[in-house]
Each structure stands twice: as structure tokens, then as C-alpha cells.
Amino acid sequence: MKDFKWKVEYSTGNEAIDTQHKKLFTTANSTFSVVEPSKKLDKIKKTILLLSQYTGTHFSDEEQYMTSIKYPKLEEHRKIHTHIVSQLSLLIKKIPTMKIGEIERELAYFVQQWIINHIKEEDKKIFAWLNSKA
Ligand SMILES: [Fe+2]
């Protein structure tokens, strides 16, 4: 079982964005919480959809924020968001042909590779830039 935890090192220094990032972690974690085997697939599907919705909302809020501060690398960052969203849609499309174990593995990879690494690397750049200006 996976347990993704938000860590202080992921902090961007922006409270609103950190709060949304924390919620992404909670949503991702709920996919892996233990339920009765007969309900497992149904629950995984529901939480992946929720994760996908929430990721979309968060990315658009983050893009609005980058626009408001005139972040010079907005377009580059937006492209990465689009790519992440399409990776998740691909996974969602494949779900009907996958076994539960495979779905869990791919989802864990997605969260680690695309959500956590994105927060640690790309999102931090926004605030490093902001601080360098101050
Ligand atoms: Fe981002």
C-alpha cells in the first residue's frame, strides 16, 4: 500500500498553492486506502476521476496565478500541465482493460513522476523566480 505524504520540502511558499498540493496528496492517497476487495475496482475508478478533476482545477488556478504575477515561463509550465493531464487521461482510458494491481502501479507511478516531481521541480521554479525579483 502506498502512502504519499506532503513534505515541508515541497512547500512553494505560497499558502493557497500549498493547500491545493496537499489536497492532491490526500486524493491520491485515498485511491490506495483499504476497502473490501469487491468494492476495490469501483473505488479506484472513482478516486482516479476525482484526482483527474482536481488536478485540472489546480492547474488552471496555478496558471491564473502565474498570469497574475507575469511569470515569464508560463507557456512552458502550461505545456507541462497539459502533458500531465493527457497522461492521466490515457491511464483512465486504459482502465477497463487493466487488472487492479496494474492500475495501482501505474497510478502510483503517475503520482510520483508527474505530481510529486512536478511540485518539487517546476512549481518551485515559479517561487524561486518570484523571490529573485523581490
Ligand atoms: Fe504546476
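Remember, it's 1-based here, ligands and their atoms both numbered in the order they're listed. Just so you know, residue 1 is the first one in the sequence shown, and it goes up from there.
When ring centroids are compared, His118 and His77 come within the 6.0 Å threshold.
Residue His58 does not count as close to the Fe ion (ligand 1), with no N, O or S atom under 2.8 Å. Among the backbone and side-chain atoms of Glu62, an N, O or S atom lies under 2.8 Å from the Fe ion (ligand 1).
Of the angles at the Fe ion (ligand 1), the one spanning NE2 of His118 and NE2 of His81 is 90° when given to 10°. Draw a line from the Fe ion (ligand 1) to NE2 of His77 and another to OD1 of Asp123, and the angle between them is 80° (to 10°).
Inspection of the His58 and His81 side chains reveals no N or O donor paired with an N or O acceptor under 3.5 Å.
Under a 4.0 Å N-O distance rule, the pair Lys125/Glu122 qualifies as a salt bridge. Remark: Glu76 does not engage Lys79 in a salt bridge, criterion side-chain N to carboxylate O under 4.0 Å.
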